Engineer: 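This structure is in structure tokens; I'll ask about it shortly.
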Amino acid sequence: MPERPRALFAMTAENVPQVFPPDVLARLRETVDIDPALIAEDFADPEVRAALAKAEVLVTGWGCPRIDETVLDAAPALRALLHSAGSVKGFVTPAVWERGITVSTAAAANALPVAEYTLAMILLAGKDILGRRERLRAERVSTGWGFVPGIGNHGRRVGVVGASRIGRRVIELLRPFDLRVSLTDPYVDEAGAAALGVPLLPLDDLLRTSDIVTVHAPDTPETHRLIDRRALALMPDGAALINTARGALVDHDALVDELRAGRLSAILDVTDPEPLPADSPLLDLPNAFVTPHLAGSQGNEVARLGLAVTEEAERLAAGEELAYALDRGALARMA
């Protein structure tokens with residue numbers, strides 16, 4: 001039996017038992033030689049430094065320290081970094097790519113709950129759940145099952161901004177529903193959109209023709225304030241904006257103005273800044289629904305991330321191609 005590659009956890013220690021519950025951890029340890037009691041929260045720690053000198057694999061996660069030239073110099077045997085979360089932008093430096101180290105991420109697994117959250121919010125937005133809730137609060141009397149013009153999900157127009165992993169999964173989850181879905185993404189051509197089963201539109205056209213706009217683009221200099229005051233003004237009266245990507249993609253001041261005017265509603269799982277200040281109007285406006293960045297993996301969902309890493313470790317040990325390996329350019333496209 002070949003010797004197991006030596007591995008080291010690098011993340012916030014309290015996350016290890018959540019992401020790698022006993023059954024997943026046992027499977028991981030069958031593949032790599034890793035000590036669950038030794039976790040690198042600080043690469044300067046002497047015990048961590050000694051383990052780093054022999055490590056061939058880093059199993060990273062939320063809270064992983066920055067991996068720069070100094071860390072890599074202390075890890076001459078390192079050949080792979082398996083990340084048990086989404087983006088690696090916060091700790092992977094150019095030196096990692098320059099040294100030819102393979103980087104893999106569980107972003108695809110983390111995309112699933114975000115897409116499920118988005119699906120739920122799209123369907124609720126189609127029912128005008130916020131407006132109906134406020135009406136009930138104000139009147140204190142149920143209006144029963146009577147028909148309400150202008151709401152419902154039959155033929156509702158949904159615009160997806162960004163064909164990221166999450167955006168693609170959202171499109172897939174929306175297929176069984178009687179919705180009209182369109183996509184905007186500068187990196188997708190007509191053939192790519194056709195393969196996803198949706199029409200491709202310029203951003204402005206998508207905003208003008210969507211009842212619900214859901215944002216899944218990456219956070220890059222090009223997408224900063226992508227949904228700005230001008231873009232919001234293009235959305236039809238009564239439309240809803242959903243953002244589970246990054247708060248910086250939306251101009252919050254302009255959004256607050258639209259919400260105060262009662263023209264739009266918003267469902268935000270991400271904000272800028274994050275968290276919001278206690279006096280932010282977004283926390284009080286009746287047509288804003290803000291959640292504390294919980295669309296991604298929570299509770300029992302995080303074990304899916306550990307399982308994804310374990311499966312990648314098995315492929316690595318077997319000399320197989322990794323399923324979720326990144327290239328350097330992929331970082332700019334992650335969301």
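Please read all numbers here as calculations on a predicted model, not as lab measurements.
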Engineer: Hey, is the main chain of Val48 close enough, under 3.5 Å, to the side chain of Asp45 for a donor-acceptor pair?
Structural biologist: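 Between the backbone of Val48 and the side chain of Asp45 there is a qualifying donor-acceptor contact (under 3.5 Å).
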Engineer: State whether the number of non-hydrogen atoms from other residues, nucleotides or ligands found under 6.0 Å of Glu98 atom CD is greater than 12.
Structural biologist: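 Yes, CD of Glu98 has more than 12 neighbouring heavy atoms, counting only those of other groups under 6.0 Å.
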Engineer: Is it the case that Thr12 and Glu14 place a side-chain donor and acceptor less than 3.5 Å from each other?
Structural biologist: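 Checked: Thr12/Glu14 side chains show no N/O donor-acceptor pair below 3.5 Å.
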Engineer: Are the side chain of Thr291 and the backbone N or O of Leu294 linked by a donor-acceptor pair below 3.5 Å?
Structural biologist: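 The answer is no, because no donor-acceptor pair under 3.5 Å joins these two groups.
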Engineer: List the steps and the verdict of side-chain contact (heavy atoms from CB on, under 4.5 Å) for Arg165 and Leu112.
Structural biologist: CA-CA 9 Å; Arg165 290 182 179 91; Leu112 301 181; over 6 Å; no
Engineer: Just by distance, with hydrogens left out, do His216 and Thr214 show a side-chain donor and acceptor under 3.5 Å apart?
Structural biologist: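 On atom types as modelled, these side chains qualify, holding a pair under 3.5 Å.
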Engineer: Once rounded to the nearest 0.5 Å, what's the spacing between atom CG of Asp253 and atom CZ of Arg229?
Structural biologist: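 So the gap between those two atoms works out to 7.0 Å.
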Engineer: Ignoring hydrogens and geometry, is there a side-chain-to-backbone donor-acceptor pair from Arg168 to Leu196 under 3.5 Å?
Structural biologist: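 Between the backbone of Leu196 and the side chain of Arg168 there is no qualifying donor-acceptor contact (under 3.5 Å).
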Engineer: Between Val160 and Asp185, is there a side-chain heavy-atom distance shorter than 4.5 Å?
Structural biologist: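 The answer is no, as the side chains (C-beta and beyond) never meet within the 4.5 Å cut-off.
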Engineer: According to a 4.5 Å side-chain heavy-atom criterion applied to Ile, Leu, Val, Met, Phe, Trp and Tyr, with indirect links allowed, do Met121 and Val158 form part of one hydrophobic cluster?
Structural biologist: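 Met121 clusters together with Val158.
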Engineer: Between CZ of Arg230 and CG of Asp251, what distance do you get to the nearest 0.5 Å?
Structural biologist: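 Result: 12.5 Å between the selected atoms.
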Engineer: Would the distance check show the side chain of Arg263 and the main-chain N or O of Glu258 forming a donor-acceptor pair, the cut-off being under 3.5 Å?
Structural biologist: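 Checking the backbone N and O of Glu258 against the side chain of Arg263, no donor-acceptor pair under 3.5 Å is found.
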Engineer: So Val59 and Ile34, do their side chains get closer than 4.5 Å, heavy atoms only?
Structural biologist: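 Of all side-chain heavy-atom pairs linking Val59 with Ile34, at least one is under 4.5 Å.
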Engineer: Please walk me through it: do Arg99 and Asp73 pass salt bridge (charged side-chain N to carboxylate O under 4.0 Å, His left out)?
Structural biologist: CA-CA 10 Å; Arg99 301 198 186 194; Asp73 287 344; 2.8 Å; yes
Engineer: Examine distances only and state if a side-chain atom of Asp219 and a backbone atom of Arg246 form a donor-acceptor pair shorter than 3.5 Å.
Structural biologist: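 Not a single qualifying donor-acceptor pair exists.
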Engineer: Compare every heavy atom of Leu206 with every heavy atom of Ser210, then report the nearest pair and how far apart it is.
Structural biologist: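 Nearest heavy atoms, Ser210 then Leu206: OG-O, 2.7 Å.
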Engineer: Honestly curious: do Leu207 and Leu174 fall in one hydrophobic cluster under the side-chain, below-4.5 Å linking rule?
Structural biologist: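 Shared cluster, no.
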Engineer: So, do Met11 and Ser84 sit near enough that their side-chain heavy atoms are less than 4.5 Å apart?
Structural biologist: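 Yes, side chains in contact.
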Engineer: So Asn287 and Leu264, do their side chains get closer than 4.5 Å, heavy atoms only?
Structural biologist: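 When only atoms from C-beta onward are counted, Asn287 and Leu264 do not touch, as no gap falls below 4.5 Å.
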Engineer: Nearest 0.5 angstrom please: Thr184 OG1 to Leu203 CG, how far?
Structural biologist: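 Answer for the OG1-CG pair, Thr184 versus Leu203, is 5.0 Å.
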Engineer: Provide the closest heavy-atom pair for Glu56 versus Leu78 in the form atom of the first, atom of the second, distance.
Structural biologist: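 Reported closest heavy-atom pair: O-CD1, 3.6 Å.
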Engineer: Is there a donor-acceptor pair under 3.5 Å between the side chain of Ser182 and the backbone N or O of Pro199?
Structural biologist: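 Pair absent, no side-chain N/O of Ser182 close to backbone of Pro199.
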Engineer: Determine, stepwise, if the pair Thr31 / Arg4 fulfils side-chain contact (heavy atoms from CB on, under 4.5 Å).
Structural biologist: CA-CA 6 Å; Thr31 304; Arg4 293 171 298 160; 6.0 Å; no
Engineer: Rounded to the nearest 0.5 Å, what separation is found between the CZ atom of Arg29 and the CG atom of Asp33?
Structural biologist: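 Rounded to the nearest 0.5 Å, the CZ-CG separation comes out at 8.0 Å.
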Engineer: Quick one: list whatever passes ring-ring contact (aromatic ring centres under 6.0 Å, His included) with Phe43, sequence neighbours left out.
Structural biologist: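 Phe43 satisfies ring-ring contact (aromatic ring centres under 6.0 Å, His included) with no residue once adjacent residues are dropped.
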Engineer: Is the closest side-chain heavy-atom distance between His224 and Leu249 below 4.5 Å?
Structural biologist: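 Of all side-chain heavy-atom pairs linking Leu249 with His224, none is under 4.5 Å.
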Engineer: Grab the two heavy atoms, one from Glu274 and one from His293, that are nearest each other, plus how far apart they are.
Structural biologist: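 What the structure gives for the nearest pair is OE1-ND1, 2.7 Å.
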Engineer: Please find the pair of heavy atoms, one from Leu28 and one from Ala313, that lie closest to each other, and give the distance.
Structural biologist: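 Closest approach of Leu28 to Ala313: CD1-CB, 3.9 Å.
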Engineer: Strictly distance-based, threshold 3.5 Å: is any side-chain N or O of Arg27 a donor or acceptor partner for the main-chain N or O of Thr310?
Structural biologist: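 Checked: no pair found.
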Engineer: Would you kindly confirm whether Leu259 and Val215 end up in one hydrophobic cluster when ILVMFWY residues are joined by side chain heavy atoms under 4.5 Å apart?
Structural biologist: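 Yes, Leu259 connects to Val215 through the hydrophobic network.
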Engineer: Can you find a pair of side-chain heavy atoms, one from Leu201 and one from Leu183, that are under 4.5 Å apart?
Structural biologist: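 No, their side chains stay 4.5 Å or more apart.
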Engineer: Can you tell if the side chain of Val302 reaches within under 4.5 Å of the side chain of Trp62, non-hydrogen atoms only?
Structural biologist: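 A side-chain contact under 4.5 Å exists here.
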Engineer: Pick out which of Leu82, Leu8, Val309 makes a side chain to side chain contact (heavy atoms under 4.5 Å, CB included) with Val57.
Structural biologist: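 That would be Leu82; it is the only one of Leu82, Leu8, Val309 passing the side chain to side chain contact (heavy atoms under 4.5 Å, CB included) with Val57.
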Engineer: Distance from Ser265 atom OG to Leu124 atom CG, nearest 0.5 Å?
Structural biologist: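 Going from OG on Ser265 over to CG on Leu124, the span is 11.0 Å.
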Engineer: Between Asp68 (side chain) and Val71 (backbone), is there a donor-acceptor pair under 3.5 Å?
Structural biologist: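 Present.
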Engineer: Is it possible for you to say whether Leu226 and Leu232 belong to one hydrophobic cluster, with membership spreading through side-chain heavy-atom contacts below 4.5 Å?
Structural biologist: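 Yes: a chain of side-chain contacts under 4.5 Å links Leu226 to Leu232.
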Engineer: Between atom CG of Asp269 and atom CG of Asn243, what is the distance when rounded to the nearest 0.5 Å?
Structural biologist: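 Interatomic distance, Asp269 CG to Asn243 CG, rounded to 0.5 Å: 8.5 Å.
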Engineer: Looking only at non-hydrogen atoms, find the nearest pair between Thr102 and Leu322 and report the distance.
Structural biologist: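 What the structure gives for the nearest pair is CG2-CD1, 3.5 Å.
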Engineer: Considering the options Arg132, Arg137, Arg133, which one meets the side chain to side chain contact (heavy atoms under 4.5 Å, CB included) requirement together with Arg135?
Structural biologist: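 So, applying the side chain to side chain contact (heavy atoms under 4.5 Å, CB included) to Arg135 and each of Arg132, Arg137, Arg133, only Arg132 qualifies.
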Engineer: When you look at CZ of Arg66, are more than 12 heavy atoms from neighbouring residues, nucleotides or ligands closer to it than 6.0 Å?
Structural biologist: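 No, CZ of Arg66 has 12 or fewer neighbouring heavy atoms, counting only those of other groups under 6.0 Å.
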Engineer: Specify the closest pair of heavy atoms between Glu312 and Tyr324, including all atoms of both residues, with the distance to one decimal.
Structural biologist: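 Scanning both residues, the minimum pair turns out to be OE2-N, 2.9 Å.
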Engineer: Taking the side chain from Glu301 and the backbone from Gln298, do they hold a donor-acceptor pair closer than 3.5 Å?
Structural biologist: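 Looks like yes, one N/O pair under 3.5 Å.
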Engineer: Mind checking whether Val170 and Leu119 have side chains closer than 4.5 Å, heavy atoms only?
Structural biologist: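 They are not in side-chain contact.
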Engineer: With a 3.5 Å cut-off and no angle check, do the side chains of Asn110 and Ser297 form a donor-acceptor pair?
Structural biologist: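 Yes.
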Engineer: Could you walk me through whether Thr244 and Tyr117 satisfy the side-chain contact (heavy atoms from CB on, under 4.5 Å) test, starting with their C-alpha distance in whole Å, then the side-chain angles of each, then the deciding distance to 0.1 Å, before giving a yes or no?
Structural biologist: CA-CA 9 Å; Thr244 59; Tyr117 173 103; 3.7 Å; yes
Engineer: Closer than 3.5 angstrom, by distance alone: can the side chain of Thr209 be matched with the main-chain N or O of Asp205 as a donor-acceptor pair?
Structural biologist: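 Yes, the answer is positive, given that a donor and an acceptor are paired below the 3.5 Å cut-off.
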Engineer: Counting only heavy atoms not in Glu47, do more than 12 fall under 6.0 Å of its CD?
Structural biologist: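 Atom CD in Glu47 is not packed in, count stays at 12 or less.
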Engineer: Can you hop from Ile212 to Val181 via hydrophobic side chains spaced under 4.5 Å?
Structural biologist: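 Yes, it is one cluster - the side chains of Ile212 and Val181 are joined through contacts under 4.5 Å.
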Engineer: Take Asp327 and Trp97 through the test side-chain contact (heavy atoms from CB on, under 4.5 Å) and record every step on the way to the result.
Structural biologist: CA-CA 8 Å; Asp327 60 75; Trp97 307 103; 5.5 Å; no
Engineer: Could you go through the ring-ring contact (aromatic ring centres under 6.0 Å, His included) check for His83 and Phe91 one step at a time?
Structural biologist: CA-CA 11 Å; His83 188 50; Phe91 64 94; 4.8 Å; yes
